Amino acid sequence: MASTSYRELSLNGLWKNNPAIVQLLGLCPLLAVTGSVVNAIGLGLATILVLVCSNSAVSLIRNIVSDAVRLPTFVMIIAAAVTCIELLMQAFAYELYQILGIFLPLITTNCVILGRADGFAAKNRLAPALYDGLIMGVGFALILVLLGAMRELLGTGALFANMDLLFGAGAASWEIVVFTDYQPFLLAVLPPGAFIFTGLIIVLKNIIDDRIKRYQDLRKERPAKGSKRVRVTGNIS
Amino acid sequence: MRKVFDFHGGIHPPENKQQSLQTPIVKAGIPPLLVLPLSQHIGAPAVPAVAPGDRVLKGQLIGEARGFVSVPLHAPTSGTIEAVEERQIAHPSGHRAPCIVIRSDGLDEWIECRGIEDYTTLDKSDLLQRIRNAGIAGMGGAGFPSAVKLAVQPEKKISTLIINGTECEPYITADDALMRERAEQIVSGAMILRHLVEPEETLLGVEDNKPEAIATLLTAAQGTGLEVVSFPTKYPSGGEKQLIEILTGKQVPSGGLPADIGVVCQNMGSAAAIHDAVVLGRPLISRITTVTGDAIDQPQNFEVLLGTSMAYLLEKAGYRAERNNRLVMGGPMMGFTVPSPDVPVVKTTNCILAPSERELPTPPPAQACIRCGMCAEVCPASLLPQQMFWFAQGKEFDKLEQHNLFDCIECGACSYACPSNIPLVQYYRASKAEILQLRRDHEKSEHSRLRFEARQERLEREEREKAEKRAARKKAAEAKAKQGTANGEAEEDPIQAAIERAKAKKAAQQSAADAQGGSEGEREKLEKAVVSTRKRLDTAIAKLEQAQAEGSDLVEALQTGVDKTRLKLETAETALAALQNSSDSTTAESTSSTDAAQLAIEKAMAARAAEADLSPAEKARADLEKLEQRLEKSRAKLAQSRDAGDEEKIIEALEATVERLAGKVEQARQQLQQAESA
Amino acid sequence: MLRQSITRNSLLLALFAVCTTLLIVGTHLSTKEDIAEQIRRAEEKALLQIIPRDRHDNSMLDDTLPAGPESAGLQLAEEKRIYRARSEGRIVAVIVPAVAPDGYSGAIDLIVGINRDGSVAGVRVLTHKETPGLGDKVDLRKSDWILSFSGRSLSNPRPEGWAVKKDKGEFDQFTGATITPRAVVAAVRRALEFGRDNRAELFEISKTTDGGDS
Amino acid sequence: MALMRVTSPHAHGPMSTQRVMQSVLLATVPGIIVLTHFFGFGTLVNILWGCVVALSCEALALKLRGRPLGFYLKDCSALVTAFLLCIALPPYSPWWLIAVGIASSILLAKHFYGGMGYNPFNPAMVGYVVLLISFPVQMTAWAPPRGVGELPGLMEALQACFVPATFDAVTLATPLDVMRQNSSLLVEDLWSQSPQFGRWAGIGWEWVNIAFLAGGCWLLYQRIFTWHAPVAMLASIALLAAIFNDAGSSASGGSPLFHLLSGATMFGAFFIVTDPVTSAVSLRGRLVYGALIGVLVYVIRVRGNYPDAVAFAVLIMNFAAPFIDHYTQPRTYGHEKSGGGS
Amino acid sequence: MVELLAQYPLVAALIALVGLAAVFGALLGFAAIRFRTEGNPIVEQINDILPQTQCGQCGHPGCKPYAEAIAGGEAINKCPPGGEAGIQALADLLDLEVIPLDDEHGEEDPRPAVAFIREDECIGCTKCIQACPVDAILGAAKQMHTVIASECTGCDLCVEPCPVDCIDMLREEESLQNWHWHLPDPVSRNVDIIATDAAPEATSRDRAA
Amino acid sequence: MLADYSVLLIGAILVNNFVLVQFLGLCPFMGVSNKLETAMGMSMATTFVLTLASACSNLTYHFLLLPLGLGYLKTIAFILVIAVVVQFTEMVVRKTSPLLYRVLGVYLPLITTNCAVLGVALLNINKDHSFLQALFYGFGAAVGFSLVLVLFAAMRERLAVADVPQPFKGAAIGMITAGLMSLGFMGFAGLV
Ligand SMILES: Cc1cc2nc3c(=O)[nH]c(=O)nc-3n(C[C@H](O)[C@H](O)[C@H](O)COP(=O)(O)O)c2cc1C
Ligand SMILES: Cc1cc2nc3c(=O)[nH]c(=O)nc-3n(C[C@H](O)[C@H](O)[C@H](O)COP(=O)(O)O)c2cc1C
Ligand SMILES: Cc1cc2nc3c(=O)[nH]c(=O)nc-3n(C[C@H](O)[C@H](O)[C@H](O)COP(=O)(O)O)c2cc1C
Ligand SMILES: Cc1cc2nc3c(=O)[nH]c(=O)nc-3n(C[C@H](O)[C@H](O)[C@H](O)CO)c2cc1C
Ligand code: SF4
Ligand code: SF4
Ligand code: SF4
Ligand code: SF4
Ligand code: FES
């Protein structure tokens with residue numbers, strides 16, 4: 001695994017194995033807090049932080065823990081990271097903390113984090129683990145923001161409202177009203193919209209993947225059929 | 001009036017029965033040629049008891065039953081056996097099957113038949129034997145050997161015997177006509193059946209759309225204790241299970257037989273045939289067949305000798321081939337289409353339906369299932385056809401079985417009712433077959449697994465033993481080294497022989513391959529052969545070298561292998577080169593790049609030059625001759641090894657060879673024809 | 001072996017527990033004050049919207065009176081608090097919790113600021129379950145209808161006017177939704193009446209010293 | 001002519017999918033006539049525009065999926081969806097509302113799932129609910145019936161649809177709305193206070209329901225569907241209404257007759273609940289399916305936020321239909337007990 | 001006591017969490033020893049689904065090793081003899097998504113094949129016997145060899161080692177005995193209207209088959 | 001009293017359904033719903049663990065964390081409690097009923113990362129539930145989760161044989177279906 005290149009890791013986290021829309025992990029926050037961009041960014045940042053911390057920590061201790069207590073240890077590390085971030089957010093972005101509600105502590109059970117800790121960090125050195133955490137987090141956050149933007153735009157006709165919750169009073173003016181005199185399409189911001197739009201993002205990804213695959217198929221020839229065969233009965237002398 | 005019950009579902013398709021009921025039953029006469037498939041029913045095919053050239057009399061045994069679930073076959077008229085060969089038969093697959101072909105002599109000369117006046121004196125097993133010997137297979141549908149069905153196990157007490165005169169399918173009137181005209185025979189047959197199974201009651205079930213038949217049956221059955229029961233017309237009330245429910249209110253348990261609930265069911269036609277067999281001593285050699293449909297000028301019922309070709313019958317009834325879109329054996333609901341009118345009538349041919357396009361139009365493309373449930377409403381087995389259809393589409397076999405696919409009687413009511421025109425029954429048939437295939441496959445794979453594991457174990461054991469032995473040998477060798485003796489090898493001969501044999505063979509094949517050249521496909525094949533042979537040669541040489549290095553005792557065998565492969569390569573290359581040369585010299589030059597090929601081309605050029613002035617037809621003829629010789633030889637070998645009582649596996653293998661060669665001969669023959677016509 | 005496994009594993013886990021606890025407690029201790037401050041500020045925020053800082057100089061959160069189901073007119077379901085805003089010790093306004101129980105989809109929680117002169121300082125909806133797109137316009141985030149109460153009092157408009165336009169009152173309703181504003185208007189009016197009836201207690205006006213501000 | 005080789009059965013019944021759909025369209029006609037009589041041309045305009053949008057959406061989806069247009073368009077299922085959705089929409093809806101609704105129906109609910117026959121949710125009801133939660137203002141604007149308010153003419157109806165900005169809609173709460181909102185009055189007072197109540201239910205509404213009942217009965221007679229689901233639904237509504245109706249306060253939810261003849265009850269029972277694609281398949285399953293829809297309709301009407309609950313109840317039960325199917329397999333011939341489930 | 005502890009948040013937190021963790025760790029350690037599981041029953045179930053052709057096309061020496069690999073997380077689409085149906089069954093068992101067969105490993109051949117040795121060419125070298133994973137080839141050194149058709153799994157492993165290339169893989173031909181109805185074909189490939197069996201191609205295929 | 005609890009139950013099962021309205025436990029909802037059978041197993045396991053964890057976490061909070069003034073440790077404490085409950089359940093089930101273990105066993109470990117479990121524990125605190133209320137709320141949440149999971153699984157089995165366009169196959173159509181389900185569940189708004 002050590003040979004995994006950073007390029008590969010990036011590609012995986014951002015696209016090929018995107019935690020949110022490919023692995024379908026961490027769906028709860030994805031759907032719950034993406035009513036607006038600012039919520040999405042807030043939770044996205046929190047998730048990235050937790051992922052980076054937990055991946056690094058797990059990578060550091062990977063040789064100490066025994067199998068039996070592996071998972072609980074990881075969970076504890078994650079929970080600690082989450083709690084710290086929760087406390088910090090409470091101290092410095094209280095309103096956002098209130099909006100995110102229980103989904104902030106619920107980062108603890110975001111399967112992406114435990115999954116990366118167990119599946120990657122526990123087997124790799126610090127640097128790749130850290131990078132993996134970062135890129136997975138970014139991949140997750142990007143989907144969060146994309147979904148948030150789609151829903152906010154359709155649901156309210158504007159984008160980047162209330163950014164001051166996260167970026168201080170100066171950000172209050174960031175709001176862009178895209179459609180004036182817009183008849184809000186409330187479905188987008190209501191729970192059903194969250195599901196449907198996530199589904200549509202997955203569809204979009206499938207279509208793009210399909211295009212890419214077709215393009216690649218045109219360019220490179222397929223490996224020979226049956227090329228991976230082995231002799232069941234060993235070598236015949 | 002007896003209480004009759006209803007069953008779930010059912011449909012009311014237009015009956016279309018009156019067309020064929022205008023005239024009484026007509027004797028179809030004796031056609032010049034009769035073709036009798038050896039397999040006319042469920043169960044093992046009969047074994048021919050005659051050889052080509054034999055003269056047979058009407059009613060003479062020509063096919064013997066083999067096994068328990070099998071019935072014998074009799075000559076429908078007198079004549080000579082013309083052949084025992086594969087012929088097209090009435091089967092939905094359109095495949096050919098072994099048949100006995102009789103050329104009738106027109107004399108219609110009966111073999112001596114001895115009926116018995118009073119069958120009650122006969123032992124029951126004798127009586128059954130008579131029915132069996134008369135070749136009676138159920139005439140209502142599946143053609144299940146009647147004697148088997150009647151040989152009820154003693155522990156199953158039969159309470160009801162049902163004679164099935166329902167004839168619920170549209171168009172068909174064979175049983176109706178039989179009941180109208182030969183009610184006495186039926187009643188007599190029913191009495192024999194009653195005597196055999198000793199039921200508490202015997203019911204003759206007839207749908208209420210045949211008042212005339214009911215009336216005649218009632219008269220005939222007077223005083224016999226047989227009860228004629230009529231019930232409302234509905235398709236498929238004639239299905240055994242449905243009829244049993246109608247008449248007794250009981251359902252045959254899933255996977256069980258009617259006998260499990262004390263019922264035996266026979267068709268009216270079967271009953272009449274049993275009468276003939278027992279009272280008159282006549283075997284089953286003819287039956288009533290309805291010929292009907294819009295493409296027929298005079299729809300009517302025929303009494304047909306089994307083996308009569310459908311074309312003959314159709315002709316008699318005034319067949320308008322140009323109007324006909326499909327030819328169905330059986331009714332429009334359960335019947336199957338036959339590939340051509342030249343197939344023979346068999347024991348289960350109750351109807352030949354020749355509809356026009358307007359009458360039974362070509363099915364339009366199916367639409368999506370809208371789950372309307374009309375199929376479920378009409379399904380007599382209370383299944384959920386739409387669910388089964390979905391699962392069949394998704395190949396979800398577990399779910400299909402969960403939804404009781406195997407209780408489907410393939411009656412077609414669901415397809416009839418489906419507004420989306422989905423060929424539901426075909427899905428069920430295919431799925432049933434696939435599930436059965438999967439079961440067999442799974443059994444086989446279990447078997448393979450065991451063998452594989454056994455082999456692994458054996459190999460491990462051998463490995464261990466070898467290791468031990470090696471250790472022992474080492475010791476021995478050390479001891480031997482002191483003695484300093486050497487051994488010469490002697491066992492050369494068999495391999496040498498094998499080489500010779502193979503060489504001869506290869507040569508023959510080679511020439512065949514040569515002659516086959518000419519077409520583009522051939523060239524591709526040859527090219528592939530060259531490449532693959534070259535590759536093989538390389539590996540063979542590598543192997544040989546390795547073996548030599550290791551001093552393995554297989555060096556010689558490998559050497560021959562290498563030689564042979566080299567030879568093969570050469571010949572292949574020659575052939576290819578020649579081919580390219582003859583067909584397209586420009587491409588030949590560009591493609592033959594390797595030295596070896598270049599060399600081979602030159603070598604082959606000469607050979608080609610000699611052959612080139614042979615015309616294609618001549619070449620093909622020569623080819624054919626060679627092949628025929630080979631075929632002859634391997635036939636001989638097969639016969640020889642059969643005589644010698646060789647192992648079955650070997651015989652099988654030889655049979656396969658013969659078949660393959662036969663195929664090739666056939667191919668060559670066609671080529672020859674083509675060449676000649678060209 | 002069993003014992004060994006148990007001790008080893010529990011020790012390990014305990015070790016991690018210690019580490020994580022240290023981390024958390026550390027963070028907790030260093031953010032404690034900030035958080036407390038934030039919480040207060042958040043609680044105060046709604047109050048401050050109604051009575052801005054420049055009108056008072058006390059901490060409203062610490063100057064409260066109890067209110068509950070027994071407080072006639074407020075229709076509260078549970079115990080709440082009335083906040084008082086003072087300027088130089090004198091109560092300039094109070095913020096009264098109120099409930100409109102007859103919203104379209106259940107109760108609507110409000111706070112109503114009442115000035116010493118009996119006029120409305122401001123109204124805010126705290127929680128509601130009204131239909132999104134219809135009744136939820138009582139929320140300031142969706143529309144500023146709620147601001148139309150500011151400055152009104154029981155005499156402005158006259159009692160008949162304390163209703164939505166459809167009921168011949170003075171307050172706008174929303175297209176397609178009458179029930180929600182109707183309920184809110186009624187609740188605000190009741191809150192004002194409560195303020196009038198309990199003026200003395202709320203504004204600490206003793207009967208005798210009822211000075212120049214009536 | 002070569003002989004055809006096909007499986008049995010060779011005969012086919014008279015039913016075709018196209019005919020089924022056309023029958024449903026035909027059966028809505030009495031209802032539409034009565035609707036038009038009481039509420040003006042709004043519904044007719046809705047339907048016309050809806051059909052145009054529906055066919056375009058269907059054609060678009062087919063095009064994108066590379067399917068032959070003619071073959072699929074002629075099954076008329078898109079028209080049925082358009083008819084049913086447009087009947088359910090308030091008359092005089094603006095064109096974009098209808099377009100969004102139909103697009104949700106045909107694209108989201110139908111073609112995302114593979115087109116006709118594969119959709120697990122009733123397309124018309126998906127369209128309706130999407131609109132209801134997205135545009136509640138427009139969706140709760142029912143015109144007052146003839147005799148209570150002025151009826152706009154045909155031109156005004158067209159104007160309402162295509163240039164909605166210039167049309168000033170007159171709206172009135174529907175009887176179910178009124179019933180839902182007033183829980184403190186006696187039913188009799190409610191009746192006398194609100195102009196929209198008629199003899200048994202709302203003015204106009206009762207006749208609309210009776211017309212749909214008639215259309216439904218005709219479909220039943222034509223054997224387009226079985227009686228199980230609609231009867232179960234109506235029975236359970238009536239039963240619940242009878243149990244909880246104390247003839248006094250409006251909090252008790254109204255009389256059985258009121259429930260049967262208001263809102264979309266009959267329309268739902270005979271045209272929505274019977275949608276074969278999205279309902280349970282076995283007869284027993286349909287009984288359960290219909291009855292549960294009835295229960296949900298009653299409960300949501302009386303206790304929930306949405307006065308006419310048919311659409312929600314149908315969607316919720318669509319969701320449960322496969323599960324119901326799993327446990328209501330009929331007893332197959334020759335089996336001891338029903339073989340359903342595991 | 002409690003009040004006392006509450007005074008010192010650090011101590012309190014430590015006691016609470018460490019206490020919990022210690023109890024937890026003890027429980028887990030106990031469980032780790034006490035409830036250790038041996039073997040993996042899922043392997044047997046997977047192996048049961050694999051076709052046991054033992055052909056090695058999946059890249060493992062036999063079906064069992066592949067079953068173990070699948071249990072260890074390998075993709076389920078590498079067994080050509082099992083084909084789509086096999087993948088479907090595996091996906092069902094393991095609750096995975098059905099994926100198409102990986103054709104790097106070969107293609108599914110719907111018709112089973114049986115090896116056949118042209119015996120007059122066989123030189124009796126026994127290579128094929130060594131190659132056969134299920135011992136379906138009979139023969140002794142320097143004698144003619146033959147394949148027991150009923151035991152042959154059709155893996156074609158014996159073909160390549162044969163030095164004289166006298167082994168053919170014979171496909172089973174459709175005959176009256178093994179004929180059965182096929183599922184209706186889509187009318188044509190580019191438009192998938194659900195099939196009818198009346199499609200001209202379908203019938204011609206049936207006839208040809 | 002009884003009415004209160006039934007309101008709590010109905011609220012948790014239908015009106016504020018954990019999966020469709022509150023967005024909790026979505027990963028197992030999407031991941032373990034391909035087959036009805038597995039969904040059933042998961043439902044049973046989750047119901048048991050969720051109810052138990054809800055009650056236990058409530059006890060932990062009220063009798064350990066609150067007295068010690070350690071409210072901020074709730075996340076980590078709860079996750080420990082949940083893990084213990086899951087592990088403990090697994091042990092007990094394995095020991096006492098191998099049959100049940102075969103049905104539930106594989107799902108139990110998955111539950112630790114089901115955010116519905118932690119979510120219920122946290123919501124209990126947010127809503128100030130008493131022990132009994134927590135028990136009912138946990139049970140209601142679990143039943144709500146199980147209900148939609150099982151119905152969804154049955155529906156996905158049907159979708160598996162539908163002619164869904166290629167890019168929509170699998171997770172995408174699953175999501176859209178969940179969306180339409182949630183659309184239906186909006187009808188329950190206002191019931192309690
Ligand atoms: C494979 C097979 C085995 C049968 N075995 C028996 C049997 O042992 N005894 C018996 O009385 N009938 C047996 N039957 C006959 C059936 O019960 C039934 O009568 C026969 O298939 C004809 O029914 P049908 O024309 O409705 O298809 C068997 C049928 C089949 C197809
Ligand atoms: C759908 C269906 C319809 C059938 N219709 C008849 C019928 O009309 N008349 C009849 O004799 N047999 C009919 N059969 C065959 C009977 O099931 C049964 O095989 C037969 O009566 C047994 O008698 P046999 O063994 O003498 O043929 C039908 C079978 C099926 C599956
Ligand atoms: C789905 C639905 C949601 C509604 N939501 C609200 C609401 O949130 N607030 C409200 O006042 N009325 C609501 N209503 C009530 C109706 O719109 C009612 O007809 C309206 O209040 C009457 O007002 P009008 O007199 O302005 O037409 C709702 C109605 C429906 C059908
Ligand atoms: C009796 C009957 C009722 C129907 N009801 C509906 C309906 O409520 N909504 C709808 O969109 N389509 C309905 N359809 C049409 C059709 O089933 C629908 O377009 C499919 O759901 C699309 O796949 C109905 C069809 C029939 C035969
Ligand atoms: S009759 Fe045809 S369309 Fe109707 S449910 Fe059955 S299979 Fe589907
Ligand atoms: S063919 Fe099978 S499924 Fe169809 S109606 Fe007949 S018994 Fe039922
Ligand atoms: S590819 Fe061959 S060896 Fe591998 S699992 Fe399949 S059959 Fe067995
Ligand atoms: S490998 Fe070929 S030559 Fe050798 S024994 Fe087998 S069949 Fe004969
Ligand atoms: S994020 Fe909620 S269960 Fe995975």
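Everything numeric here is computed off the predicted structure, so don't read it as measured data. The chains referred to below are lettered A, B, ... by the order of the sequence lines, with proteins before strands, and numbering in each begins at 1. Heavy-atom basis, side chains included; hydrogens, waters and symmetry copies ignored.
- With salt bridges taken as basic N to acidic carboxylate O contacts below 4.0 Å, one links F/D163 and D/R65.
- Listed in order of number, the residues of residues 271-283 of chain D that approach chain F to under 4.5 Å between heavy atoms are D/V277, D/S279.
- Heavy atoms of F/V150 lying under 4.5 Å from chain D belong to its backbone as well as its side chain.
- Residues F/S57 and F/N124 bring no donor and acceptor atom of their side chains to less than 3.5 Å of each other.
- In this structure, D/V295 and D/M233 have side chains that are not in contact, with every pair of non-hydrogen atoms separated by 4.5 Å or more.
- Residue D/V299 touches chain F through both its backbone and its side chain, counting heavy-atom pairs closer than 4.5 Å.
- Contact detail for F/A134 and F/H129: the closest heavy-atom pair is N-CB, 3.9 Å.
- Residues that satisfy the side-chain contact (heavy atoms from CB on, under 4.5 Å) test with F/L151, not counting sequence neighbours, are D/F319, D/A320, D/F323, F/L147.
- Put simply, SG on D/C57 and CG on D/L108 are 11.5 Å apart, with the number rounded to the nearest 0.5 Å.
- Among D/F121, D/Y113, D/F312, the residue with the largest count of heavy-atom pairs under 4.5 Å with chain F is D/Y113.
- Using cut-offs of 30° and 60° on the angle between ring planes, the pair F/F168 and D/F112 is tilted.
- Ranked by non-hydrogen atom pairs under 4.5 Å with chain F, the options D/A109, D/P322, D/A321 are led by D/P322.
- Of the two parts of D/L64, neither the backbone nor the side chain holds a non-hydrogen atom closer than 4.5 Å to a non-hydrogen atom of chain F.
- Under the 3.5 Å distance criterion, with hydrogens and angles disregarded, a donor-acceptor pair is assigned to the side chains of D/R301 and D/T265.
- The shortest heavy-atom contact between D/S105 and D/L85 is OG-CD2, 3.5 Å.
- A heavy-atom distance below 4.5 Å is not found between the side chains of D/Q138 and D/S93.
- D/N318 touches chain F through its backbone: at least one of N, CA, C or O sits under 4.5 Å from a heavy atom, while the side chain does not.
- For F/F185, the parts lying near chain D are the backbone and the side chain together; criterion is any non-hydrogen pair under 4.5 Å.
- Taking chain D as the reference chain and counting heavy-atom pairs below 4.5 Å, the highest number among F/T177, F/V161, F/V15, F/I176 is found for F/T177.
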